[in-house]
Protein chains: 2
Amino acid sequence: MSVRTKETCNKHIIPVRDALEVLGGRWKLQLLIHLSFGPRRFSQLAKELSPITDRTLSRELKSLEANKVITRTEYDAFPPVVEYKITPHGESLFAVISELGNWGRAHRKLIMDK
Amino acid sequence: MSVRTKETCNKHIIPVRDALEVLGGRWKLQLLIHLSFGPRRFSQLAKELSPITDRTLSRELKSLEANKVITRTEYDAFPPVVEYKITPHGESLFAVISELGNWGRAHRKLIMDK
DNA sequence: GATAGCGCTATCCTTCAGGATAGTAATATG
DNA sequence: CATATTACTATCCTGAAGGATAGCGCTATC
């Protein structure tokens with residue numbers, strides 16, 4: 001352990017932020033969970049996550065893909081067929097999601113009880 | 001396990017969201033980490049988290065207090081003395097913060113390499 | 001009497017995530 | 001020839017988070 005400069009603090013904080021960013025926003029978590037049940041096509045996700053808009057779904061998928069948490073596979077067909085699928089790296093997120101859920105349940109209990 | 005209706009999905013998602021909300025935003029995580037080194041006064045936090053504004057610091061502290069993650073203690077003095085301190089419930093967050101950090105570090109490595 | 005110190009609150013402003021709506025390419029089907 | 005289908009993109013708009021700046025109550029010190 002080194003001294004508590006702003007820099008050493010940030011070194012601890014940045015990876016936490018990175019993780020929070022991957023999960024952040026209104027849709028990424030839901031998206032991930034739906035994809036955890038198996039690969040999905042764009043329109044299928046749009047239905048399952050309704051009322052998400054196409055624009056937003058498209059952006060969120062790109063963000064997850066950029067973070068290598070899902071893959072995008074395009075098949076040569078018309079109308080287009082594109083499949084989204086969780087990567088092993090994406091799977092590894094579920095351990096921490098489950099920890100967040102455990103804390104969240106304890107939290108809810110504490111807050112609710114008087 | 002029950003069927004995968006929107007409702008059962010949400011039941012899993014909501015506590016995760018609760019946890020993410022407690023940590024969310026630009027400052028709460030930093031605030032928590034600084035408080036993990038010991039109780040702090042308002043102006044002390046303002047300096048340590050500079051360039052946070054008073055307005056924002058005040059709101060963030062209230063949010064953490066409402067979530068019972070910190071306590072606020074007011075001493076009878078002038079100029080005012082107010083002390084903020086992590087609760088045991090707040091301490092319990094650090095386990096999941098550390099998990100987030102671990103995933104974040106692995107993530108950064110994966111994304112950076114090639 | 002002016003100024004400083006602490007822990008705020010009030011007002012105004014900017015930024016940005018995400019919603020609403022519409023349009024596109026290329027083919028198949030009626 | 002019109003229409004449907006799929007996976008998007010383009011444009012415009014709203015609401016909410018958070019920044020900038022100023023002020024307040026009460027006392028102590030110069």
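Everything numeric in this text was worked out from a predicted model, so none of it was measured. Every heavy atom of this structure was used, including side-chain atoms; hydrogens, water molecules and symmetry mates were not. All chains are named by letter (A, B, ...) in the order of the sequence lines, taking the proteins before the strands, and each is independently numbered beginning at 1.
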Do A:T73 and A:K85 have side chains that approach each other closer than 4.5 Å (heavy atoms only, starting at C-beta)? no
So do A:Y84 and A:T71 actually touch side chain to side chain, heavy atoms under 4.5 Å? no
So which protein N/O to nucleotides 1-5 of chain C N/O distances come out below 3.5 Å?
none

Taking atom P of C:dC8 as reference, at what distance in whole Å does atom CD of B:E60 sit? 14 Å
Take the protein atom CD of A:E83 and the nucleotide atom C1' of D:dA7, then report the distance between them rounded to whole Å. 14 Å
Between atom NZ in A:K62 and atom P in C:dA17, what is the gap in whole Å? 15 Å
Taking only residues two or more places apart in sequence or in another chain, which ones pass ring-ring contact (aromatic ring centres under 6.0 Å, His included) with A:H89? B:W103, B:H107
Ignoring backbone atoms, test whether A:Y84 places a side-chain nitrogen or oxygen under 4.0 Å from the OP1 or OP2 oxygen of D:dC8. yes
Under a 4.0 Å threshold between the charged nitrogen and the carboxylate oxygen, would B:E83 count as salt-bridged to B:R40? no
Between B:R41 and B:V82, does a side chain to side chain contact (heavy atoms under 4.5 Å, CB included) hold up when you go through it step by step? CA-CA 6 Å; B:R41 295 177 61 179; B:V82 177; over 6 Å; no
To the side chain of B:R72, which of D:dA7, C:dG7, C:dG19 is closest? C:dG7
Distance from A:L57 atom CG to A:I52 atom CD1, nearest 0.5 Å? 4.5 Å
Please report the interatomic distance CD1(B:I97) to CD(B:E91), rounded to the nearest 0.5 Å. 10.5 Å
Interatomic distance, NZ@B:K62 vs CZ@B:R72, rounded to 0.5 Å, equals 8.0 Å
Could you list the residues that satisfy side chain to side chain donor-acceptor pair (under 3.5 Å) with B:S98, not counting sequence neighbours? none
Would you give the length of the straight line joining atom CG of B:L23 to atom CG of A:L100, rounded to the nearest 0.5 angstrom? 7.5 Å
Under 4.0 Å, heavy atom to any atom of DNA chain D: which of residues 22-54 of chain A qualify? A:R41, A:F42, A:S43, A:D54
Could you give the CG-to-P distance, from B:L57 to D:dG18, as a whole number of Å? 12 Å
Do the side chain of A:R59 and the base of C:dG18 come within less than 3.5 angstrom through a donor-acceptor pair of N or O atoms? no
Return no unless some side-chain N or O of B:T56 is found under 4.0 Å from OP1 or OP2 of D:dG19. yes
Taking atom P of C:dC13 as reference, at what distance in whole Å does atom CZ of B:R55 sit? 13 Å
D:dC26 P sits how many Å from B:D76 CG, rounded? 12 Å
For the helix from C:dG1-D:dC30 to C:dG30-D:dC1, measure the angle between the helix axis at one end and the axis at the other, each built from five pairs, rounding to 10°. 30°
Fellow cluster residues of A:V81, listed by chain then number, with links counted only when side-chain atoms sit under 4.5 Å apart: A:Y75
